J.: 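Take this structure first; my questions come after.
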Amino acid sequence: MTDQKNASTTLDGAVDSSTSSNFIRSKIAHDLKEEKHCGRVHTRFPPEPNGYLHIGHAKSICLNFGVAAENSGLCNLRFDDTNPEKESQEYVDAIKESISWLGFQWNGDVRYSSNYFEQLYAFALQLIESGKAYVCDLGANEMREYRGSLTEPGRNSPHRDRSIEENRDLFERMRAGEFADGACSLRAKIDMASPNVNMRDPVLYRIRHIEHHQTGSQWCIYPTYDYTHCISDAIEGITHSLCTLEFEGHRPLYDWILNSLDIASIAAASDLASTDNDYVLPQQTEFAKLKLNYTIVGKRKLKEMVETNVVEGWDDPRMPTLAGLRRRGFTATAIRNFCESVGVARNDSIVDLGMLEHAIRDDLDKNSPRAMCVLNPVTVVLTNLPDEHLEILSMANHPKVDEMGRRSVPLTKRIVIDASDFQEVPVQGFKRLIAGGEVRLRGAYVIKCIDVIKDEAGKLIELHCRVDLDTLGKKPEGRKVKGVIHWVSEAKGITLSVRLYDRLFNVENPESKDIKDFRECLNEDSLVEITSCIAEPSIAEEGASSSYQFEREGYYCLDEKDSSENKLIFNRTITLRDSW
RNA sequence: UGGGGUGUCGCCAAGUGGUAAGGCACAAGGUUUUGAUCCUUGCAUGCGUUGGUUCGAAUCCAGCCACCCCAGCCA
C-alpha cells in the first residue's frame, strides 16, 4: 500500500469542513434516528478494475468515505470483479493507489466480489431449490427476442419450467465446465411481462472459460453485476449502498434477489454473523454522476484515448484521471474540496470546469512557495552595474505566510525578463516595461529602459536599462511605478522545460451525442512545451519544493516521471487568474 | 408509444406550506513590489409551464412541456 501520510500535498492538508446538506446525508441521519441499522453506517466504494479512477469516481469516493467518517462508520473498498474479460491487476493496483493518495483509508482488507464466488454459488443453488432460478439454453440473440421491447412484454423462455432437479444438475454441470461459453445461463425467474425490462428474467450466471486476475482458472461461470452486487453488500454488512442514477431501474432487482433468499442464511454468511447486531438488509440509493464540461469521463473513451495515443497514458497530465490530475499538480485537498463544493443531488448536471480550477488555485495559493521563472527570456543589461556585480537578495517564499521562510535570489548585471513584459510601443493599459519607461523588478529595484538593441532585421536583441539603486525595498521618490515584473539572473538562473497544458477538448460537451468521434473536437494546443525557460536557482537546490507558484505565471509542479538531474521539466497545473 | 427519474440565477446547489442560503462565474470599487491573493458591493418580485387548493405555494393537487436512464450472457 502507498503511504497515506503523503496523501495531501498541501501544508495544512485541511479539507473544507463546511459541509452542506444533501439528500443522502439527510437519509442517513434519518435512518440513524430510527435506529434502522442498529446505529451503524457502513458504505463501500465498489469500482470494477477495468480502468483508472477519474474525477467522477472522486465524487463517489468522497461521498462514500465521507458519510461513513461523519457518522463514525466504516467504508469498504471492494473490487467488483465479476467480468474478468475487461479487468486486470494493473487497474487494481492503480485504483488502490489513487484512493490512498486522495487521503482515504478503507476498512480492513481490500475486498473482491470474487472473494464471495463460493457463497454466491451457494445462494444460486438456494434460488434454484426455491424455484426462483432456472438454467436457460437460449442464445444471446434469442434471449433478446424473447425479452420483448420497451413497449411490448417479453415471452417466457421454453426452458423456464425445468424441474428443480434438472436445474440443479445443469447448474452444477455449468460450474464443472461441461458447457461452452454462451451455451446456457442461469436466470432469475421473475416476470417476462414486467414493465421494467430489468426484471424480465435477468441472467445471474454466464459461462466464460477465462482466467480471472484473482481466482485464476478456478471458475468458468461468473455471476453478473446484478446478482453479485446486492449479495456482496449484504455479506459485508453494508447499510447504505450508494450508486449512480443509471442503476435506479435495477433497484427492484437488487431488492428482489435479497428478498428471495433466506435472510437467516444471508445473516449467517455475513461479516455481522459473529456480532450481536440484528441483521438488516442493505439499501440502494442513487445519486447523479459528476460530469465536467470540456471533459470526458467515460471510461471506455478514456481507455480509447490511451490506446490510440491521443494522450501519453492514463497519467497524462491532461487526463481527468486521478493519476493524471496528480501529475498535473492537483492536490488531494483541492479535489476533495471540489467534490464537496459540487454537492450530491439527483439532477443530471454538468459542472463548470471553473469550479475545479477555483479549488486548485485556492489550495495552491495558500500552500505553494513562490519563485520566479521566465518562460520566454529576453536579455536585459543593467548598464550602471559593474560587470561582475553579484548581489544576493532575500525574498519571502510566500507573501502572507512568514512561516514558509525566505530564499536567496542572485542579481547580476545581465538578467532575463519575459518577452511579453516589454513593448516598445505599448498597447493601451500596458503597465510593464516600455522604451524609456520604468518598471519594478519584483523583489529588487526599479529600472528604466534607455535603449532597445535590435539587429538589422529589426529583431530585438537586448534591452539596456538603468537601475535606480535607491529603490530596494522602498518606493522611488517623486513618481510612482505601477508595473512589477519577474526576472532571473542570466548567468545564475537554471534552464528548464515547461509544459503548458490546456483543456483536451474545444467543445463544452465532448460526450454529447452530436459528436460521433471525440477526435473531431480535440484541442490541438492542449500541450505546448517550452524548452528554454530560465528559473531562479533556488528551485533546484537541496530540499527544494516540487511545486511552486511561478510568480505572475501560474502554478507549476515538477514532472517526476520525465525530469532528470540535468533536465528539469515542470508541468503547468493552472494559470493565475488574469483579469487584464 | 412501456417503466423509472429530473426540472430553483450563465454553472453547481440549499430549500420539505410562512414570503428564494451558499459556492463558482461575472461586474464595479478598495488594498497590494504577483494585472495574483485579500476586502467591499452588486447579481432570481423569481423556482419548466398552465391551472387549482390555501390567508399564504418553489414547496400540496391536476394537466402539459423538456431532458436523462432502461430492451448486454457489461458494470
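Residue numbering restarts at 1 for every chain, and letters A, B, ... go by the order of the sequence lines. All values derive from a computational prediction rather than experimental measurement.
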J.: Classify A:Pro399 by what it touches in the nucleic acid, base, sugar-phosphate, or nothing, heavy-atom distance under 4.0 Å.
T.: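 Base contact.
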J.: So does A:Arg78 pair up with A:Glu236, basic N to acidic O under 4.0 Å?
T.: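 The answer is yes: the pair qualifies as a salt bridge.
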J.: Is any side-chain N of the basic residue among A:Arg160 and A:Asp201 closer than 4.0 Å to the acidic one's carboxylate O?
T.: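 Answer for the salt bridge query: yes.
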J.: Checking all strands, does A:Arg442 fall into the base, sugar-phosphate, or nothing category for heavy-atom contacts under 4.0 angstrom?
T.: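 Result for A:Arg442 = base.
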J.: Would you classify A:Met372 as touching base, sugar-phosphate or nothing, given that sugar-phosphate means primed atoms plus P, OP1 and OP2, and contacts are heavy atoms under 4.0 Å?
T.: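 Counting heavy atoms under 4.0 Å across all strands, no contact is made by A:Met372.
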J.: At less than 4.0 Å, is any side-chain N or O atom of A:Arg144 found next to OP1 or OP2 of B:rG72? Yes or no.
T.: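 So the side chain of A:Arg144 is within the cut-off, an N or O lying under 4.0 Å from OP1 or OP2 of B:rG72.
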J.: Scan A:Gly483 against the nucleic acid and name what it touches under 4.0 Å (heavy atoms): base, sugar-phosphate only, or nothing.
T.: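 Nothing, no heavy atom under 4.0 Å.
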J.: Is it the case that over 12 heavy atoms from other parts of the model lie below 6.0 angstrom from the CZ atom of A:Arg208?
T.: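 More than 12 heavy atoms, drawn from other residues, nucleotides or ligands, come within 6.0 Å of this atom.
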J.: Within the structure, does a side-chain N or O atom of A:Lys299 lie under 4.0 Å from either OP1 or OP2 of B:rA75?
T.: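 No, no such contact exists.
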J.: Measure CG/A:Asp514 against C1'/B:rC67 and give the value in whole Å, please.
T.: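 Answer to the nearest Å: 14 Å.
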J.: What's the gap between B:rC11 and B:rU16 when it is taken at their C1' atoms, as a whole Å value?
T.: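 Rounded to whole Å, the distance is 25 Å.
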J.: What is the distance from NE2 of A:His250 to P of B:rG72, rounded to the nearest Å?
T.: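 So the NE2-P distance, A:His250 to B:rG72, works out to 11 Å.
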J.: Does a side chain donor of either A:Asn293 or A:Glu508 reach within less than 3.5 Å of an acceptor in the other side chain?
T.: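 Indeed, the side chains of A:Asn293 and A:Glu508 share at least one donor-acceptor pair under 3.5 Å.
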J.: May I ask you to say what A:Leu245 touches in the nucleic acid, namely base, sugar-phosphate or nothing, with a heavy-atom cut-off under 4.0 Å?
T.: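 Nothing, no heavy atom under 4.0 Å.
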J.: Please compare A:Tyr225 and A:Gln549 by the position of their nearest nucleotide in RNA chain B and report the one closer to 5'.
T.: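 Result: A:Gln549.
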J.: Given the rule that a pair is Watson-Crick or G-U wobble with both distances under 3.5 Å, how would you write RNA chain B in dot-bracket, using | for pairs to a different strand?
T.: .(((((((.[[[..)..(...]]].(((((.......))))).....[[[[[..)....]]]]])))))).....
J.: For A:Arg440, which contact category applies under a 4.0 Å heavy-atom criterion: base, sugar-phosphate, or nothing?
T.: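 Base contact.
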J.: Is the base of B:rG56 syn or anti, if syn means a glycosidic angle within 90° of 0?
T.: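 Base orientation: anti.
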J.: If I pick the C1' atom on B:rC47 and the same atom on B:rG15, what distance separates them, to the nearest angstrom?
T.: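 These two C1' atoms come out 10 Å apart once rounded.
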J.: At 4.0 Å (heavy atoms only), tell me whether A:Phe247 reaches a base, stays on the sugar-phosphate, or touches nothing.
T.: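 Base contact - A:Phe247 has a heavy atom under 4.0 Å of at least one base atom.
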J.: Do NZ/NE/NH1/NH2 and the carboxylate oxygens of A:Arg572 and A:Glu553 come within less than 4.0 Å?
T.: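 Here A:Arg572 does not pair with A:Glu553 in a salt bridge, since their nearest N and O are not under 4.0 Å apart.
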J.: Which whole-number value in Å describes the distance from A:Ile221 CD1 to B:rC73 P?
T.: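 Spelled out: CD1 on A:Ile221 to P on B:rC73 is 17 Å.
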J.: Indicate for each nucleotide in nucleotides 6-24 of chain B, in 5' to 3' sequence, whether protein heavy atoms under 4.0 Å reach the base (B), only the sugar-phosphate (S), or nothing (-).
T.: SS---BBSSS-------BS
J.: Using a 4.0 Å heavy-atom cut-off across all strands, classify A:Ala444 as base, sugar-phosphate, or nothing.
T.: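 If one applies the 4.0 Å heavy-atom cut-off, A:Ala444 turns out to touch a base.
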J.: Would you measure the distance from the C1' atom in B:rA25 across to the matching atom in B:rU45 and give it in whole Å?
T.: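 Nearest-Å result for B:rA25 against B:rU45 at atom C1': 24 Å.
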J.: Please classify B:rG46 as syn or anti, treating any glycosidic angle within 90° of 0 as syn.
T.: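 Syn conformation here, the glycosidic angle of B:rG46 being no more than 90° from 0.
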J.: When the C1' atoms of B:rU19 and B:rG46 are considered, how many whole Å apart are they?
T.: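 Looking at atom C1' only, B:rU19 and B:rG46 are 12 Å apart.
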J.: Can you give me the closest heavy-atom contact between A:His159 and A:Asp137, atom names plus distance?
T.: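 Taking A:His159 first and A:Asp137 second, the nearest heavy atoms are ND1-N, 3.1 Å.
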J.: Could you say whether A:Glu152 or A:Lys482 is positioned toward the 5' end of RNA chain B, judged by the nucleotide with the nearest heavy atom to each?
T.: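 Mapping each residue to its closest nucleotide by heavy atoms, the 5'-most match is A:Glu152.
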J.: Decide, yes or no, whether a salt bridge links A:Glu145 with A:Arg155 under the criterion of side-chain N to carboxylate O below 4.0 Å.
T.: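 So A:Glu145 does not pair with A:Arg155 through a salt bridge.
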J.: For A:Arg200, answer base if it contacts any base atom (sugar-phosphate contacts may also be present), sugar-phosphate if it contacts only those atoms, and nothing otherwise; contact means non-hydrogen atoms under 4.0 Å.
T.: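 It contacts nothing in the nucleic acid.
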J.: Between A:Arg147 and B:rG2, is there a contact of a side-chain N or O with OP1 or OP2 at under 4.0 Å?
T.: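 No, A:Arg147 has no side-chain N/O under 4.0 Å of OP1/OP2 on B:rG2.
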J.: Could you pull out the closest heavy-atom pair between A:Thr331 and A:Ile360, with the gap in Å?
T.: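 A:Thr331 and A:Ile360 have their closest heavy atoms at N-CD1, 3.5 Å.
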J.: For the residue pair A:Tyr227 and A:Tyr205, is the inter-centroid distance of their aromatic rings smaller than 6.0 Å?
T.: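 Under 6.0 Å, so yes.
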J.: Taking the cut-offs as 6.0 angstrom to the six-membered ring centre and 45 degrees off its axis, would you call A:Arg162 and A:Tyr134 a cation-pi pair?
T.: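 The answer is no, since A:Arg162 fails at least one limit relative to A:Tyr134.
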J.: Figure out the CZ/C1' separation between A:Arg407 and B:rU34, and round it to whole Å.
T.: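 So the two atoms are 11 Å apart, to the nearest Å.
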J.: Looking at A:Arg346 and A:Glu286, is any side-chain nitrogen of the basic one under 4.0 Å from a carboxylate oxygen of the acidic one?
T.: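 Yes, this pair counts.
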J.: Nearest-Å distance, NZ (A:Lys475) to C1' (B:rU31)?
T.: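 Computing the A:Lys475:NZ to B:rU31:C1' distance gives 11 Å.
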J.: Strictly below 4.0 Å, N to O, side chains only: are A:Arg251 and A:Asp226 in salt-bridge contact?
T.: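 A:Asp226 and A:Arg251: not salt-bridged.
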J.: Can you say whether a donor on the side chain of A:Arg432 sits under 3.5 Å from an acceptor on the base of B:rG35, or the other way round?
T.: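 Indeed there is one.
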J.: So A:Phe430, base contact, sugar-phosphate only, or nothing? Heavy-atom distance under 4.0 Å.
T.: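 If one applies the 4.0 Å heavy-atom cut-off, A:Phe430 turns out to touch a base.
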J.: What integer distance in Å separates A:Asn196:CG from B:rC70:C1'?
T.: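 Taking atom C1' of B:rC70 as the reference, CG of A:Asn196 is at 7 Å.
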J.: With respect to the side chain of A:Val197, which nucleotide from B:rC70, B:rC74, B:rU34 is positioned closest?
T.: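 Within the option list, the nearest is B:rC70.
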J.: P atom, B:rA75 versus B:rU6: distance in rounded Å?
T.: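 Each nucleotide's P atom is 26 Å from the other's.
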J.: Would you indicate which nucleotide in B:rC69, B:rC73, B:rG35 comes nearest to any side-chain atom of A:Val203?
T.: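 The listed nucleotide nearest to A:Val203's side chain is B:rC73.
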J.: Check every strand shown and say whether A:Gly473 touches a base, only sugar-phosphate, or nothing at a heavy-atom separation below 4.0 Å.
T.: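 Base, at least one base heavy atom under 4.0 Å.
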J.: Identify whether the distance between the nearest side-chain nitrogen and carboxylate oxygen of A:Lys27 and A:Glu34 falls below 4.0 Å.
T.: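 No salt bridge links A:Lys27 with A:Glu34.
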J.: Under 4.0 Å between a Lys/Arg side-chain N and an Asp/Glu carboxylate O for A:Arg577 and A:Glu357?
T.: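 So A:Arg577 does not pair with A:Glu357 through a salt bridge.
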J.: Please state the C1' separation for the pair B:rG48 and B:rG7 - nearest whole angstrom.
T.: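 So the two C1' atoms sit 6 Å from each other.
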J.: Expressed as a whole number of Å, how far does the C1' atom of B:rU8 sit from that of B:rG72?
T.: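 After rounding to an integer number of Å, I get 38 Å for this pair.
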J.: Within the structure shown, what part of the strands sits under 4.0 Å from A:Arg361 by heavy-atom distance: base, sugar-phosphate, or nothing?
T.: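 Nothing, no nucleic acid heavy atom in range.
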J.: Please classify the nucleic acid contact of A:Gly139 as base, sugar-phosphate, or nothing, using heavy-atom distances under 4.0 Å.
T.: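 Since a base atom lies under 4.0 Å of A:Gly139, the category is base.
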J.: State whether A:Thr82 places a side-chain N or O below 4.0 Å from either non-bridging phosphate oxygen (OP1 or OP2) of B:rC74.
T.: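 A:Thr82 to B:rC74 OP1/OP2: no side-chain N or O under 4.0 Å.
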J.: Taking atom C1' in both B:rA58 and B:rA21, compute the distance separating them and give it to the nearest angstrom.
T.: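 The same atom, C1', in both gives a distance of 14 Å.
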J.: Counting only side-chain N and O atoms of A:Arg577, is one of them less than 4.0 Å from OP1 or OP2 of B:rU37?
T.: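 Answer is yes, contact under 4.0 Å.
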J.: Below 4.0 angstrom from OP1 or OP2 of B:rC74, is there any side-chain N or O of A:Arg206?
T.: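 So the side chain of A:Arg206 is within the cut-off, an N or O lying under 4.0 Å from OP1 or OP2 of B:rC74.
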J.: Find the distance A:Ile210:CD1 to B:rC74:P and express it as a whole number of Å.
T.: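 So the CD1-P distance, A:Ile210 to B:rC74, works out to 11 Å.
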J.: What integer distance in Å separates A:Asp181:CG from B:rC74:P?
T.: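 Roughly 11 Å, once rounded to whole Å.
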